[in-house]
There are 2 protein chains.
Amino acid sequence: MRPHDHGDCIRRVLDEAERRAAEDRVNFTPVRRHALEILLESHAAMPAYGLLKRLDADGFGSQPPVAYRALDFLIEQGFVHKVERLNAFVACMYPHETHTPAFLICRNCRSVAETCVAPTPAALLREARAAGFAIERSMMEAEGLCRDCAREEDAPCD
Amino acid sequence: MRPHDHGDCIRRVLDEAERRAAEDRVNFTPVRRHALEILLESHAAMPAYGLLKRLDADGFGSQPPVAYRALDFLIEQGFVHKVERLNAFVACMYPHETHTPAFLICRNCRSVAETCVAPTPAALLREARAAGFAIERSMMEAEGLCRDCAREEDAPCD
DNA sequence: TTTTCATAGGTTATACTATAACATTCCAGC
DNA sequence: GCTGGAATGTTATAGTATAACCTATGAAAA
Ligand SMILES: [Zn+2]
Ligand SMILES: [Zn+2]
Ligand SMILES: [Zn+2]
Ligand SMILES: [Zn+2]
């Protein structure tokens, strides 16, 4: 991840979430909001039990449903994605647009970058149509080496 | 899934696996082969513990590593894919070509169709290049309604 | 031949992920 | 004030995956 003003990421996404929740008349309760804030702390993917631990520390309860219910809501609203490959969750960086999330997952440092790809890729859409399948949600995940880790592997003095 | 000669699917994939294993000098042992045969029995995705139960019934051992080791091998060789969304496994229907597996997963009947999509979609590849990310594997998963289930939902007498 | 090394498999235990089920609280609308 | 739905509290359990260590096998090196 390139250096950037992460405070800006946080404000931007949180504001948009707030706005969308109001617009859609959904209940953006304290625990839900706080879960999103925790996930927004970094662009890394966080496992459910990591989130739960944080929520517990902040007084929101210690039982698994606390985390999973918050996550269900946030995913439903499109504020959070699940990275299936990692069984972990990330705040969406493009909550203002409907999209097919696409993740670049580094097998070395496990960093996760969400890239901005349009709704369902054309090739998949074509295949789905041919099969009579109606796509409602889709996602893409790619595993490989991030820029930084690739540089390390290249280094002759490794 | 349309009606088809499934025995033909099985023979075709098994032969190709046999051939590729010999070519790559990897050890296609009885338990590995039998695990693939079990997964080939249908195009549905099977959970690891379902596979384990079958392997156990056929005398290959009852402990989780039995199944997970066989799956690790089969995935490594490209004979099997994991459907991340379902935490379940399917035999690859296109073992003769390197590809990005793409699955159409019905949210109603949980059927899984693997569609034949080329290596990493162009859009994702572009994004990855821009980020300096080297993709090694990628996959796509789409959730929605299969042809049959869509028909049912349409039915006025449902 | 004996040693060595790598791969596969056996076995036990445990960690991690997720949901079911039911009780309780809260609040908006009637 | 009653009522119904949404959110939360609480307990229990189901489901997924890996760690760790040990044994067997067989082919290559010494
Ligand atoms: Zn997103
Ligand atoms: Zn990395
Ligand atoms: Zn495939
Ligand atoms: Zn279906």
Side-chain angles (χ1 to χ4, degrees), chain A residues 17 21-22 24-36 38-39 44-77 79-90 105 107 110 112 141 143, chain B residues 17 21-22 24-36 38-39 44-77 79-90 105 107 110 112 141 143:
Chain A
D24 298 352
R25 303 277 198 288
V26 294
N27 215 340
F28 200 21
T29 61
V31 62
R32 291 168 174 178
R33 187 189 160 96
H34 195 63
L36 180 56
I38 289 168
L39 291 178
M46 178 174 276
Y49 278 69
L51 173 64
L52 176 58
K53 201 171 155 193
R54 289 290 315 278
L55 287 172
D56 188 23
D58 298 340
F60 289 92
S62 64
Q63 297 310 312
V66 170
Y68 283 104
R69 282 166 179 165
L71 288 168
D72 285 348
F73 171 85
L74 295 169
I75 290 170
E76 180 81 21
Q77 300 307 312
F79 302 155
V80 163
H81 300 298
K82 178 174 183 185
V83 183
E84 299 284 355
R85 189 150 199 129
L86 302 176
N87 292 320
F89 304 83
V90 283
I105 306 163
R107 65 166 158 79
R110 310 240 315 175
V112 173
E141 295 183 7
E143 190 180 283
Chain B
D24 299 353
R25 304 277 198 288
V26 293
N27 215 339
F28 200 21
T29 61
V31 62
R32 291 167 174 180
R33 186 188 161 97
H34 195 62
L36 180 55
I38 290 168
L39 291 177
M46 178 175 275
Y49 278 68
L51 174 63
L52 176 57
K53 201 171 156 195
R54 290 290 315 279
L55 287 172
D56 187 23
D58 298 340
F60 289 93
S62 63
Q63 298 310 313
V66 170
Y68 283 104
R69 282 166 178 165
L71 288 168
D72 284 347
F73 171 85
L74 294 170
I75 290 171
E76 180 82 21
Q77 300 307 311
F79 301 156
V80 163
H81 299 298
K82 179 174 184 185
V83 183
E84 299 284 355
R85 190 149 200 130
L86 303 177
N87 292 320
F89 304 83
V90 282
I105 306 164
R107 65 167 157 78
R110 312 240 315 175
V112 174
E141 294 183 7
E143 190 179 284

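Remember, it's a predicted structure, so these values are computed and weren't measured experimentally. Throughout, a chain's letter reflects where its sequence line sits, starting with A, and its residues are numbered from 1.
- Among residues two or more places apart in sequence or in another chain, the side-chain hydrogen bond (donor to acceptor under 3.5 Å, both in side chains) test is passed with B:R54 by B:E41.
- If you measure from atom CG of A:D72 to atom P of D:dA6, you get 15 Å, rounded to the nearest angstrom.
- One can place CD of A:E84 at 13 Å from P of D:dT16, the figure rounded to the nearest angstrom.
- Ring geometry for B:F73 versus B:F28: interplanar angle under 30°, hence parallel rather than tilted (30 to 60°).
- Looking only at side-chain heavy atoms (C-beta outward), A:H81 and A:I75 stay at 4.5 Å or farther from each other.
- Computed from coordinates, the B:D56 CG to C:dT11 P distance equals 11 Å when rounded to whole Å.
- For the segment residues 61-71 of chain A, the set of residues with a heavy atom within less than 4.0 Å of an atom of DNA chain D comprises A:Q63, A:P65, A:R69, in numerical order.
- A straight line from CG of A:L55 to C1' of D:dG9 spans 14 Å, rounded to a whole angstrom.
- Atom NZ in B:K82 sits about 16 Å away from atom P in D:dG15, given to the nearest Å.
- The aromatic ring of A:Y49 sits over the base of C:dT17, with ring centres less than 5.5 Å apart and planes inclined by under 30°.
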Report all interatomic pairs (protein N or O, nucleotide N or O of nucleotides 6-8 of chain C) with separations under 3.5 Å.
unit_1: C:dA8; atom_1: OP1; unit_2: B:R32; atom_2: NH1; d: 3.1
unit_1: C:dA8; atom_1: O5'; unit_2: B:R32; atom_2: NH2; d: 3.4

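- Listed by chain and residue number, nothing satisfies the side-chain hydrogen bond (donor to acceptor under 3.5 Å, both in side chains) test with B:D72 (two or more places apart in sequence, or in another chain).
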Got a list of side-chain donor-acceptor pairs under 3.5 Å for residues 60-71 of chain A, not counting sequence neighbours?
none

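- Looking at heavy atoms from C-beta onward, A:V80 lies out of side-chain contact with A:V90 at the 4.5 angstrom threshold.
- In this structure, the side-chain hydrogen bond (donor to acceptor under 3.5 Å, both in side chains) partners of B:R85, at least two apart in sequence or on a different chain, are B:E143.
- A donor-acceptor pair under 3.5 Å is absent between the side-chain atoms of A:Q77 and the main chain of A:A17, judged by distance alone.
- Using a 4.5 Å heavy-atom cutoff, the side chains of A:K82 and A:N87 are in contact.
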Can you give one letter per nucleotide of nucleotides 24-30 of chain C, 5' to 3': B if a protein heavy atom sits under 4.0 Å from the base, S if only from the sugar-phosphate, - if neither? -------
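- In this structure, the side chains of A:N27 and A:R32 come closer than 4.5 Å at one or more pairs of heavy atoms.
- The side-chain hydrogen bond (donor to acceptor under 3.5 Å, both in side chains) test applied to B:D56 returns no partner, not counting sequence neighbours.
- If you measure from atom CZ of B:R85 to atom P of C:dA18, you get 12 Å, rounded to the nearest angstrom.
- Separating the CG atom of A:L52 from the C1' atom of D:dT8 is a distance of 14 Å, rounded to the nearest angstrom.
- To the nearest angstrom, P of D:dA14 lies 18 Å from CG of B:N87.
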